[in-house]
Amino acid sequence: MVGREVGSLFPKEVAEAREVLLEVRGLTSRGVFADISFSVRGGEIVALAGLVGAGRSEVSRAIFGVDRYDSGEVLVAGRRLRPHDPAAAIAAGVALVPEDRRQQGLVMELPIERNATLTRRWKLSRLGISRPGAERASARHWTERLRVKAANLSDPVSTLSGGNQQKVVLAKWLATVPKVFIVDEPTRGIDVGTKAEVHRLMSDLAGDGVAILMVSSELPEVLGMADRILVMREGRLVDEIARAAADEEAVMFAATGQHGGAPAGRSVAGSGGEA
């Protein structure tokens with residue numbers, strides 16, 4: 001971060017909050033998280049913060065339908081989302097960028113262009129038969145928009161740097177034109193320059209009226225990008241902190257239940273994040 005202004009690392013623009021696009025009511029998964037309720041408006045970036053094991057990623061996956069839950073409901077734009085059904089979530093306009101891009105977000109042996117279009121393959125095919133030209137055009141559009149640095153889109157996605165792999169995951173989901181964008185550890189393991197690009201993208205999406213739920217273990221990222229911070233501890237939501245009132249000590253106190261914050265720059269999850 002040496003030599004970079006904070007504003008360039010976290011280019012958060014103020015966006016007008018619109019109607020509620022994501023509403024979570026009493027979501028409970030026994031032994032994992034309990035009675036999770038919150039909402040996210042279009043134009044907002046809401047962060048889920050907390051220590052490793054607090055249940056943040058599990059909540060995000062349950063909202064999307066990847067993980068099952070025992071009770072509660074999720075509403076998207078006022079309509080109840082069918083539980084435990086990622087296809088229904090996608091159809092309703094929900095996107096999930098997972099925490100582990102290599103294991104959950106990409107098929108490493110497949111070409112870049114195939115990875116960038118996995119969420120739209122049915123739209124890019126005709127009578128169940130893929131159309132390589134349409135796939136390539138869609139992949140080119142989104143990878144160019146996100147400035148993915150690749151020698152050839154037909155190369156395996158495994159040949160890309162970590163930052164460019166993350167951009168391909170983002171491209172795959174942006175191609176669905178989501179209403180609700182859930183992103184788990186959006187900048188883990190990528191270089192500072194690419195982090196700033198990802199943050200700019202998130203700010204632009206919020207400006208376009210997308211509701212963003214961000215799970216992050218990095219306190220600077222949480223404080224720099226979130227309009228509101230929801231803090232989880234031991235599977236429960238324990239605090240909501242407005243941007244104007246947020247600082248490292250407030251977030252760490254809520255996350256741990258103890259007075260005294262973490263050293264400046266330390267992640268909410270301690271040493272859990274990558275450099």
Check whether any side-chain heavy atom of [X] lies under 4.5 Å from a side-chain heavy atom of [Y], and answer yes or no.
X	Y	answer
Asp184	Asp100	no
Arg41	Leu21	no
Leu223	Arg243	no
Leu237	Leu48	yes
Tyr69	Thr28	no
Arg114	Ser154	no
Arg200	Glu13	yes
Gln165	Ser161	no

Are [X] and [Y] close enough for a salt bridge, meaning some N to O gap below 4.0 Å?
X	Y	answer
Asp70	Arg30	yes
Arg18	Glu16	no
Glu197	Lys167	yes
Glu19	Lys179	no

Could you see if [X] belongs to whatever hydrophobic cluster contains [Y]? Use Ile, Leu, Val, Met, Phe, Trp, Tyr and a side-chain cutoff under 4.5 Å.
X	Y	value
Phe181	Val66	yes
Ile112	Met108	yes
Val20	Val24	no
Phe38	Val183	yes
Val238	Ile241	yes

Flag, side chain of [X] to backbone of [Y], donor-acceptor distance under 3.5 Å:
X	Y	value
Ser158	Glu109	no
Thr143	Ala139	yes
Arg68	Ala62	no
Thr119	Lys172	yes
Asp208	Val210	no
His199	Leu9	yes
Asn152	Asp155	no
Glu185	Ser217	yes
Asn115	Val157	no
Asn164	Val148	no

| field | Gln166 and Thr194: CA distance, side-chain angles, deciding distance, side-chain hydrogen bond (donor to acceptor under 3.5 Å, both in side chains) verdict | value | CA-CA 9 Å; Gln166 183 72 339; Thr194 306; over 6 Å; no
| request: Show the numbers, then the answer: is there a side chain to side chain contact (heavy atoms under 4.5 Å, CB included) between Ile212 and Glu44? | output: CA-CA 6 Å; Ile212 299 176; Glu44 275 193 308; over 6 Å; no
| Pick one: which of Val59, Ile63, Leu96 meets side-chain contact (heavy atoms from CB on, under 4.5 Å) with Leu213? | Ile63
| message | Before you tell me yes or no, could you show the steps for Arg25 and Val74 under side chain to side chain contact (heavy atoms under 4.5 Å, CB included), namely the whole-Å CA-CA distance, both residues' side-chain angles and the distance that decides it to 0.1 Å? | response | CA-CA 6 Å; Arg25 298 177 179 172; Val74 177; over 6 Å; no
| said: Looking at Glu234, I want to see if its CD is surrounded by more than 12 non-hydrogen atoms of other residues, nucleotides or ligands under 6.0 Å. | reply: no
Looking only at non-hydrogen atoms, find the nearest pair between [X] and [Y] and report the distance.
X	Y	value
Val94	Phe64	O-CE1, 3.5 Å
Leu81	Ala88	CD1-O, 3.7 Å
Arg233	Thr256	CD-C, 3.8 Å
Ala246	Ile229	CB-CD1, 3.7 Å
Gly65	Pro86	O-CD, 3.6 Å

| message | How long is the straight-line distance from CZ of Arg188 back to OG of Ser216, given to the nearest 0.5 Å? | response | 8.5 Å
| Thr187-Glu221 side chain donor-acceptor pair, cut-off 3.5 Å | yes
| request: Say whether Glu23 and Ser39, considering side chains only, have a donor N or O and an acceptor N or O under 3.5 Å apart. | output: no
| message | For Lys12 and Asp227: C-alpha separation, side-chain torsions, deciding distance, then whether salt bridge (charged side-chain N to carboxylate O under 4.0 Å, His left out) applies. | response | CA-CA 9 Å; Lys12 176 71 174 69; Asp227 295 295; 3.0 Å; yes
| said: Pair Glu99, Val215 - check side chain to side chain contact (heavy atoms under 4.5 Å, CB included), show working. | reply: CA-CA 9 Å; Glu99 177 181 12; Val215 178; over 6 Å; no
| Audit row: Val40, Val180, side chain to side chain contact (heavy atoms under 4.5 Å, CB included) steps and yes/no | CA-CA 9 Å; Val40 186; Val180 176; over 6 Å; no
